[in-house]
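Notes to accompany the following structure.
So that the names make sense, note that chain A is the first sequence line, chain B the second, and so on, each numbered from 1. Remember, it's a predicted structure, so these values are computed and weren't measured experimentally.
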Amino acid sequence: MSNVRTRFAPSPTGYIHVGNVRSALYPFFIARQSGGQFVLRIEDTDQNRFVEGAEELIIDVLHWLGVNWDEGPDGNVECGNYGPYHQTARREIYHRWAMKLVDKGLAYADPRPADEIKALQDQAKAEHRLFLYRDHRPTNPPAWDGTQPLRFKVTNPVDYHWHDEVMGDLSAGRDAVDDFIIIKSDGLPTYNFAHIVDDAEMKITHVIRGQEYISSMPKYLALYDALELPWPVFAHLPHILAPEGNKKLGKRDGAKSVTEYRDEGYLPEAMVNFLACLGWNDGTEQEIFTMDELINKFSFAHVQKSGARFDEKRLLWLNGQWIKRLDVDDLLNRCEGFWGKHGTTADDDTRRAVLAIVQERMKTLADLPSLSEYFFARPAVNWDILSTSKQLSKRDRSDLINLLKAARARLQTADFSSADALQDALNELLVQTGEKPVIMFGIVRFALTWARFSPGLPETMQLLGRDEVLGRLDDAISS
RNA sequence: GGUCUCGUCGUCUAACGGUUAGGACAUCAGGUUUUCAUCCUGACAAUUCGGGUUCGAUUCCCGGCGAGAUCACCA
């Protein structure tokens, strides 16, 4: 019975986009469902691509999604017993492990200049020949003094066979592994070496990452064996595809930062639900999953082998579903920052009342202003908007104003304490004027909101209250 | 090009030798005595192709075609 430990190991090279998040989600599920630990490790060995603030962004996004880690950095503090959790702070550890290989004759300093190697590679390519560095090993490599790159030495190339939780049984031929650089000339390790050392030191049991690493697996396997390390469980995830074409979703395809979705009014629950189900399902017809359900039900057995397309329409639908399921107080909290000009200054009781009738038509929190502003402040009369109604645009304004006068007279004495009573009053108007509902209700709705869409008329009137309703009708009548 | 991998409605997927190939999103149509949204009902829509194996293939095998990943002192 081994204690499950998984990790998410991003590089701080830019914002974290939606395509990356899934490779944090799945290891998180695996760790949580088995009571293990989830580790965050920052792979910052590439100093050229380092982006200031990227790590903070990653942490911010994980917090927002509710993907919490047990070990790793968080702001200026780090927790966990296997740190440091930044690779740049682990130089000595890598050198110690590298020396093991040097001592065993399984690594050598490479004195050959980079351009010379490039020339050899180009030549092989021009001749359509496989290039293997191991065929060009320097005959008398110098002792490694830390200024030359250190190469792993493949002494016994073999065919590798291994199991992948997602992809099944995989294999690669003996030419798939070649002498490769494990420590760069700047003294920092390459990913190929660093992640293996780190995973071993941090006791990671499940390596879960994107499928782009599959073709490097023979290298890793050779390294595990050379270092006499046990193989962890492997799971390689297919890519999330861009909406157009068959390319992996990347920043160039407009892959948005997760924070952009947050700013556009998406709920973290919807984002987690959507991303988790992109290439995974639980085998049933369930579509909506809470985080707890995902943790309980997730399994690699149902992860798709091929890439899944990122479909924003589905995300939008899911977001609407999640918003509808929120209770009003919860929704109220999440709407902070999304209110329009007049909603921003309203009190919470009013906001709650507005949310109650507006909630089911919200697809994102950003829909709020267009759905709610006319509740907080009296809208300007705008007869032009009637052109959006096929029926009303055909009527003379004087006829419509007469209808509004009739409505005003009836509503003056109506019971505003319940929506049902208001509906009854409205229905009486239909009988009284002999007008069709589409006309009568349509014009009253416009006179109260002057908006293209709005919630149900009785609910709207009840919330506005008698004085405000009569006032707005007067505005329309006298315009 | 070498190596490795993948291939069910437009999209996400179910069916692990026997189903009228199911569900969801999207689209379209209708309904819920006002609009929009929700909700309900219905419609449209798929096994990449060709060979095998089998009483029977979406499913197993081989080949073609198509797609992707990777071949760095990047991760």
Ring pair (Phe, Tyr, Trp, His ring centres under 6.0 Å): which pairs involve residues 163-189 of chain A, sequence neighbours left out? A:Phe152-A:Phe180
Looking for any heavy atom pair under 4.0 Å, which part of the strands does A:Ile181 touch: base, sugar-phosphate only, or nothing? base
B:A67: pairing nucleotide in any strand, Watson-Crick or G-U under 3.5 angstrom: B:U5
Using Watson-Crick or G-U wobble geometry with both distances below 3.5 Å, tell me the partner of B:U32, or none. none
For A:Ala308, which contact category applies under a 4.0 Å heavy-atom criterion: base, sugar-phosphate, or nothing? sugar-phosphate
Should the pair A:Arg472-A:Glu468 be classified as a salt bridge under the 4.0 Å nitrogen-to-oxygen rule? yes
What contact category does A:Asn192 fall into here, base, sugar-phosphate, or nothing, at under 4.0 angstrom with non-hydrogen atoms? base
In this structure, is the centre-to-centre distance between the rings of A:Trp339 and A:Phe376 below 6.0 Å? yes
Taking the C1' atom in each of B:C55 and B:C49, what is the distance between them to the nearest angstrom? 25 Å
Across the strands shown, which category fits A:Lys324 at heavy-atom distances under 4.0 angstrom: base, sugar-phosphate, nothing? sugar-phosphate
Span that lies between the C1' atom of B:U58 and that of B:A15, in whole angstrom: 9 Å
Residue-level proximity of residues 40-49 of chain A to RNA chain B when a heavy atom falls under 4.0 Å: A:Glu43, A:Thr45, A:Asp46, A:Arg49
Mind checking A:Gln121 for me? I need base, sugar-phosphate or nothing, with any heavy atom below 4.0 Å counting as a touch. sugar-phosphate
As its Watson-Crick or G-U partner within any shown strand, both distances under 3.5 Å, B:A14 has none
Atom CD1 of A:Ile288 and atom CZ of A:Phe274: how far apart are they, to the nearest 0.5 Å? 12.5 Å
To the nearest 0.5 Å, tell me how far A:Ile196 CD1 sits from A:Tyr220 OH. 7.0 Å
Who pairs with A:Ala414 by side chain to side chain contact (heavy atoms under 4.5 Å, CB included), at least two apart in sequence or on another chain? A:Arg410, A:Leu411, A:Phe416, A:Leu422, A:Ala425
Which part of the nucleic acid, if any, lies within contact of A:Lys363, taking any heavy atom under 4.0 Å across all strands shown: a base, the sugar-phosphate backbone alone, or nothing? sugar-phosphate
If you assign A:Gly283 and A:Leu457 each to the RNA chain B nucleotide with the nearest heavy atom, which residue ends up on the more 5' nucleotide? A:Gly283
For a quick check of understanding: with a heavy-atom distance under 4.0 Å over all strands, which category does A:Pro149 fall into, base, sugar-phosphate or nothing? base
If you measure from the P atom in B:G52 to the same atom in B:U13, how many Å do you get, rounded? 33 Å
Look at all strands and tell whether A:Asp110 reaches a base, only sugar-phosphate, or nothing, counting heavy atoms closer than 4.0 Å. nothing
For A:Gln423, answer base if it contacts any base atom (sugar-phosphate contacts may also be present), sugar-phosphate if it contacts only those atoms, and nothing otherwise; contact means non-hydrogen atoms under 4.0 Å. nothing
Say we look at B:C12 and B:U27: how far apart would their C1' atoms be, to the nearest angstrom? 16 Å
A:Phe300-A:Phe298 aromatic ring centre distance below 6.0 Å: yes
Under 4.0 Å between any heavy atoms, over every strand shown, what does A:Ser454 touch: base, sugar-phosphate, or nothing? Just pick one. base
Can you give the first and last nucleotides of RNA chain B, 5' to 3', that have an atom under 4.0 Å from a heavy atom of chain A? B:C4 to B:A75
Could you measure between the two C1' atoms, the one in B:U19 and the one in B:C25, and give it in whole Å? 24 Å
Give A:His195 one of three labels, base, sugar-phosphate or nothing, depending on what nucleic acid heavy atoms sit under 4.0 Å from its own. nothing
Could you work out the separation of B:C40 and B:A24 based on their P atoms and round it to a whole Å? 10 Å
Whether A:His136 and A:Phe131 hold their rings parallel, tilted or perpendicular, with breakpoints at 30° and 60°: parallel
So what does A:Gly320 touch, heavy atoms closer than 4.0 Å: a base, only the sugar-phosphate, or nothing? nothing
I'd like to check the side chain to side chain contact (heavy atoms under 4.5 Å, CB included) partners of A:Arg408; sequence neighbours left out, ordered by chain and number. A:Gln412, A:Leu470, A:Leu473, A:Asp474, A:Ile477
Tell me which of A:Leu170 and A:Met362 sits closer to the 5' end of RNA chain B, going by the nucleotide each one is nearest to. A:Leu170
Can you check the distance between B:U5 and B:U41, where both ends of the measurement are the P atom (answer in whole Å)? 45 Å
In whole Å, measure the gap between the P atoms of B:C61 and B:G68 for me. 24 Å
In Watson-Crick or G-U wobble terms, with both distances under 3.5 Å, the base opposite B:U58 is none
A:Tyr160 vs A:Trp231 aromatic rings, parallel, tilted or perpendicular, using cut-offs 30° and 60°? tilted
How would you label the contact of A:Ser171 with the nucleic acid (heavy atoms, under 4.0 Å): base, sugar-phosphate, or nothing? sugar-phosphate
So what does A:Pro218 touch, heavy atoms closer than 4.0 Å: a base, only the sugar-phosphate, or nothing? nothing
Do A:Arg445 and A:Phe441 form a cation-pi contact, if we require the NZ or CZ to be under 6.0 Å from the six-membered ring centre and within 45 degrees of the ring's axis? no
Taking side chain to side chain contact (heavy atoms under 4.5 Å, CB included) as the test, write out the residues that go with A:Asp164, two or more places apart. A:Val166, A:Met167, A:Leu170, A:Phe234, A:His236
With both distances under 3.5 Å as the test, what is the Watson-Crick or G-U wobble partner of B:U27? B:A43
